[in-house]
Asks: 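Please read through the structure below; I'll follow up with questions.
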Amino acid sequence: MKRILVINGVNLNFLGIREPQIYGGETLEEINRFIRSSFSSDVVELTFFQSNIEGEIVNAIQGAYQKQDGIVINAGAYTHTSLAIADALRGIGVPAVEVHLSNVFQREEYRHHSYLSPVCVAQLCGMGKYGYLYAIRFLLEGDKK
Ligand code: DQA
C-alpha cells in the first residue's frame, strides 16, 4: 500500500468560481472526489491538502517526510515564486510530481518559470483534473529515478 499526498496551493480552493474558462467549472472538492474514486483504497492511501498560505504548504511537505511515498503538487501561483516550497520538497526525499490544470506554456511568460520543476521528478500541465490522476499513476507504477 502506497501513500500519496495531493497538495493544492494558493487560490485552488476557488476552483469552480475563478476563471472557469481557464480552470474549468468543477470545484476542488469535486476534483478530489473524482481522483479518490479513480483508485482502489487497497492500492493507495490518498491524503488531500489545500492551503493559501505558503508556510502551511511547507509544513505539509515536511509532514510527508518518512510518512508519504509520493507527493502531487499544484502550488498555484507559488509555483512561480516560492523558493521555500522548492526547498521543502528538496529536503525530504519524497518524489514529487508537479501538476497544473492549465497549459502554463500557452499563457503569460511569467508562468513559464517554475521553482518547483527542478525538484520534481515530472511535470504535467494542460490536462485539467486528469493531470492529478496521471501523476498519481506515475508515482504508483512508474520509474521515479
Ligand atoms: C495553475 C497555474 C498557475 O500559473 C496559476 O497561478 C494557478 C493555477 C494551474 O493549475 O494551471 O493558480 O497552477
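Every number for a ligand or one of its atoms is a count from 1 in the order of the listing.
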Asks: Checking contacts here: is it the side chain or the backbone of H100 that comes within 4.0 Å of ligand 1, counting heavy atoms only? Could be both or neither.
Replies: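 For H100, the contact with ligand 1 is made by both the backbone and the side chain.
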Asks: For atom 9 (C) of ligand 1, what's the nearest protein heavy-atom neighbour? Residue, atom name and distance, please.
Replies: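 For atom 9 (C) of ligand 1, the nearest protein heavy atom is L101 N, 3.4 Å.
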Asks: May I ask you to check if ligand 1 and L12 share an N or O to N or O distance below 3.5 Å?
Replies: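 No - when backbone and side-chain N and O of L12 are compared with those of ligand 1, no distance drops under 3.5 Å.
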Asks: When you measure from the side chain of D69 to the backbone of I4, do you find a donor-acceptor pair of N or O atoms at a distance under 3.5 Å?
Replies: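 Side chain of D69 to backbone of I4, a donor-acceptor pair under 3.5 Å: no, none is there.
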Asks: Which protein heavy atom lies closest to atom 11 (O) of ligand 1, and at what distance to 0.1 Å?
Replies: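 It is S102 OG, 2.6 Å.
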Asks: Which residue pairs pass the side-chain hydrogen bond (donor to acceptor under 3.5 Å, both in side chains) test with at least one member in residues 82-102, sequence neighbours excluded?
Replies: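 Of all non-adjacent pairs touching residues 82-102, those that pass side-chain hydrogen bond (donor to acceptor under 3.5 Å, both in side chains) are E54-S82, D87-R90, E98-H100, E98-S114, E98-S117, S102-R107.
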Asks: Would you mind telling me which of L5, I61, N8 makes a side chain to side chain contact (heavy atoms under 4.5 Å, CB included) with I73?
Replies: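 Running side chain to side chain contact (heavy atoms under 4.5 Å, CB included) over L5, I61, N8 with I73 returns exactly one hit, I61.
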Asks: Quick one: pull up NE2 in H112 and OG1 in T79 and give me the separation to the nearest 0.5 Å.
Replies: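 These two atoms lie 13.0 Å from each other.
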Asks: Would one find an N or O of N11, backbone or side chain, under 3.5 Å from an N or O of ligand 1?
Replies: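 Looking only at distances, the answer is no, because the N/O contact criterion of under 3.5 Å is not met.
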Asks: Can you measure from CG (L83) to CG (L116) and round to the nearest 0.5 angstrom?
Replies: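 Answer rounded to 0.5 Å: 10.0 Å.
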Asks: Under a heavy-atom criterion of less than 4.0 Å, does T79 contact ligand 1?
Replies: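 The answer is no, since T79 has no heavy atom less than 4.0 Å from ligand 1.
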Asks: Could a heavy atom of R18 be found less than 4.0 Å from some atom of ligand 1?
Replies: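 For ligand 1, residue contact (heavy atoms, under 4.0 Å) with R18 is present.
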Asks: What distance separates I7 CD1 from Y132 OH, expressed to the nearest 0.5 Å?
Replies: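 Reported to 0.5 Å precision, the distance equals 11.0 Å.
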Asks: For ligand 1, which atoms sit closer than 4.0 Å to a heavy atom of H80?
Replies: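 Answer, ordered by atom number: 3 (C), 4 (O).
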Asks: Grab the two heavy atoms, one from E45 and one from M1, that are nearest each other, plus how far apart they are.
Replies: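 E45 and M1 have their closest heavy atoms at N-SD, 3.5 Å.
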Asks: Is it the side chain (CB and beyond), the backbone, both or neither of V99 that lies under 4.0 Å from ligand 1, heavy atoms counted?
Replies: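 For V99, there is no contact with ligand 1 at all, from either part.
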